[in-house]
Structure formats: C-alpha cells, structure tokens
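These notes are about the structure you will find just below.
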Amino acid sequence: MIEARRLHILRAVADHRTVTAAAAALYLTPSAVSQQLTALEQETGHRLVERGAKGVRLTPAGEILLSHTNAVLAQLERAEAELAAYGSGAAGTVTVASFATGIAQVVAPAVARLAVTAPGIRLRVQDAEGDASLPMVLDRQVDVAVAVEYRGAPPADDPRLAHVPLYAEPFDAVVPVSHRLADAAVIPLADLAKDPWIGPYPGNPCHDVVVLACETAGFQPRLEHSSDDFRAVVALAAADAGVALVPRSALQGMDLAGVVVRPVDGVAPTRRVFAAVRRGAEEHPLIRPVLEALGEAAGPDAPGETARPDAPRGTAEL
C-alpha cells in the first residue's frame with residue numbers, strides 16, 4: 001500500500017526539481033528523501049524519477065502518480081478539516097505568510113477581526129513575497145499564503161491549491177518633482193521609455209508587473225536601481241535617480257516629499273492579490289474563519305478603491 005507521507009515527498013521533489021531543495025523544504029536530509037522515493041518506487045513497482053545534471057524529473061509513471069497525489073492529498077486535507085470540525089476545532093494557531101503591504105492591508109486587520117469573531121484562533125504572521133509564500137504552503141511550512149499573481153505562479157485551478165481572491169490594485173507612476181512630466185494629470189508609460197528606472201529585483205512579483213507593463217507600452221525599462229522596499233524606491237525617485245511604478249497601497253502613509261504620484265494613462269498595470277491554502281483545507285474550522293476575515297478586510301476599502309496619493313482632483317478612476 002502506498003504511504004501518503006511518500007506521496008507528499010514525491011510532490012515536493014516535483015515542485016523543487018532537486019532532492020536537496022525538496023529535503024530542505026521538508027526539513028529532511030537528502031538521503032532520507034532518496035530513501036523514501038526508493039521505497040515508493042518499490043511500493044508502486046515503477047521507476048518514478050530520473051536524475052540528471054540539471055536535477056530530478058518525473059518519469060511518465062511518476063507523472064501519473066503525481067496527478068493522483070494531488071487529489072489524494074487534497075482529500076486528506078478535507079478529512080482533517082472534517083475531523084477538526086467534529087472535535088470543534090474552535091481554538092488553535094494558523095500561520096499566514098504574506099508580503100509586507102499585504103500584511104498591512106489585510107492580514108493585520110484580519111488579526112483584529114478574529115480577536116472579536118474567533119478569539120480562540122491565533123494568527124502567526126511571517127513576511128514572505130508571493131513567489132516564496134506559495135511553496136511554503138505546499139511544503140506545509142505555513143497554512144495560508146497572501147500572494148500576488150505573477151508569471152509562473154500556480155494558476156487558480158491548480159489541483160494543489162485553493163485560491164480566494166482578495167483585491168486588485170493599480171500601480172501609479174512615481175517621478176521626481178523636477179521631472180518633465182511632473183505637471184501632467186496622467187503619465188503615459190511610453191513617455192518614460194528613455195528614463196532610468198527604479199524597481200524590485202527579478203523574482204519579486206512586482207518586478208514582473210513593471211516589466212510587463214513597460215513591454216506592453218513598447219519598451220524595456222532601463223532598471224538602474226533595485227530594491228524590494230518601496231520606501232527606498234520612492235526615496236531614490238525623490239533624489240532624482242529615476243522613475244518607478246509603485247502599488248497604490250504601498251504609497252499610503254509614505255513620505256512623498258520630492259516626488260509626484262500620477263495615475264498611468266490608459267489601462268494601469270495591476271497586481272491581483274489572493275489567499276491560497278492547500279486544496280481541501282479551505283473548510284478547516286481554523287482556516288475558514290481566517291479566509292473569511294481576510295476577505296472582509298479586503299472588502300470595499302481595498303486599495304483599488306482608495307484615493308491616489310498626490311493625485312489631482314477630478315482624475316478619472318482606473
């Protein structure tokens with residue numbers, strides 16, 4: 001009989017592409033992972049993985065088993081949820097990983113809501129970018145991820161994850177007060193093609209949004225300065241080091257002296273924020289209230305509905 005624990009290891013190897021990376025994610029040694037894969041191959045009677053210079057890949061038999069693995073592990077999550085509900089599951093700790101702005105925007109308000117609506121649930125919060133938080137959920141390091149859609153992210157119909165949309169927010173253009181377009185009501189991205197740019201590092205989901213928006217406008221941004229901290233991005237823009245696109249919520253409460261913030265002309269680049277849990281866990285009596293609290297926190301006061309920092313009155317909404 002196939003052990004579910006070994007199926008979890010198979011999925012981790014498929015996700016991380018190397019035994020070493022899968023072992024690190026699962027807090028196991030590489031030899032332990034290899035031993036479990038060997039045992040799984042003996043249980044199934046098939047070779048499941050192939051090792052090469054570039055890492056590990058699943059064989060056709062491994063791919064077949066992986067497709068069933070996702071369904072089996074999701075069903076086990078549902079079983080745990082039902083058992084927890086049967087035993088009341090009214091108290092416990094839920095770990096949430098979120099990027100910094102998401103913590104301020106929805107996670108912290110959810111903590112306050114749960115203190116009233118579900119005082120037995122304690123949230124433990126970790127700061128992690130969206131591209132890191134989703135693997136943390138799959139590897140059972142955290143229970144919930146608040147993440148951003150990005151190129152290469154698991155799609156909404158991924159069999160391993162359940163997605164809960166939270167909010168969408170536009171990026172605004174941030175330029176120095178001395179910039180030639182500082183007095184414009186809106187800024188066409190194409191007009192910034194020759195400017196030096198400031199933005200997040202590659203790998204950060206917001207980097208993908210910025211680069212894709214510029215590519216759509218017909219140019220590759222010349223990224224001369226990089227930081228994942230939007231306060232640093234704005235400070236560099238204020239120092240006349242370049243221009244930037246910044247998510248609207250990240251600008252709230254920030255010192256904007258030395259810069260002007262303007263909406264982007266046309267369709268604004270947007271980041272879409274969602275919560276994700278392992279599929280089958282969304283009905284767990286500890287996790288469901290957390291997802292509901294995150295959704296309530298992201299309701300009508302989500303960033304897409306807030307006023308633009310430094311935006312001129314009468315500007316059309318995006």
Side-chain angles (χ1 to χ4, degrees), residues 96-110 125 127-134 145-153 165-176 186-189 192 197-217 221 223 225-238 242-256 258-276 294 297-311 315 317-318:
V96 179
S98 172
F99 57 100
T101 309
I103 291 175
Q105 195 67 38
V106 294
V107 178
V125 181
D127 188 335
E129 291 297 336
D131 57 330
S133 63
L134 294 176
V146 174
V148 178
E149 291 182 3
Y150 60 94
R151 286 189 284 192
L166 293 178
Y167 63 86
E169 64 173 323
F171 283 58
D172 290 321
V174 178
V175 301
V186 295
I187 293 181
L189 278 186
L192 301 176
W197 279 73
I198 312 156
Y201 284 100
N204 185 314
C206 288
H207 174 88
D208 287 346
V209 175
V210 171
V211 171
L212 183 59
C214 293
E215 289 175 350
T216 302
L223 284 163
H225 311 284
S226 298
S227 175
D228 289 335
D229 186 333
F230 286 115
R231 291 171 300 179
V233 170
V234 170
L236 286 167
V243 300
L245 287 173
V246 177
R248 188 166 296 167
S249 66
L251 295 166
Q252 295 176 6
M254 193 181 293
D255 180 7
L256 299 176
V259 299
V260 295
V261 180
R262 296 290 183 261
V264 173
D265 189 27
V267 178
T270 301
R271 70 172 175 182
R272 290 172 173 79
V273 180
F274 62 93
L294 289 170
D301 296 324
E305 301 298 325
T306 59
R308 296 185 186 87
D310 199 30
T315 301
E317 290 299 324
L318 296 173

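In this chain, residues are counted from 1 in sequence order.
Phe171 and Cys206 get closest at one heavy-atom pair: CZ-SG, 3.9 Å. The shortest heavy-atom contact between Pro176 and Val243 is CD-CG1, 4.3 Å. The two residues Ala238 and Val259 make their nearest non-hydrogen contact at N-CG1, 3.4 Å. In terms of heavy-atom proximity, Ile198 sits nearest to Leu223 at C-CD2, 4.0 Å. The shortest heavy-atom contact between Leu251 and Val261 is CD1-CG1, 3.7 Å. The two residues Ala168 and Thr270 have their closest heavy-atom pair at CB-CG2, 3.9 Å.
Side-chain atoms of Trp197 do not come within 3.5 Å of backbone N or O of Ser226 as any donor-acceptor pair. Put simply, the side chain of Asp172 never gets that close to the backbone of Val264: no donor and acceptor are under 3.5 Å apart. Using modelled atom types, no side-chain atom of Ser227 and backbone atom of His225 make a donor-acceptor pair closer than 3.5 Å.
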Chi angles and distances behind the side chain to side chain contact (heavy atoms under 4.5 Å, CB included) call for Asp228, Val233: CA-CA 8 Å; Asp228 289 335; Val233 170; over 6 Å; no
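In this structure, CG on Leu166 lies 6.0 Å from CG on Leu294, to the nearest 0.5 angstrom.
With respect to Glu169 and Arg271, a salt bridge is recorded, a charged nitrogen being found less than 4.0 Å from a carboxylate O.
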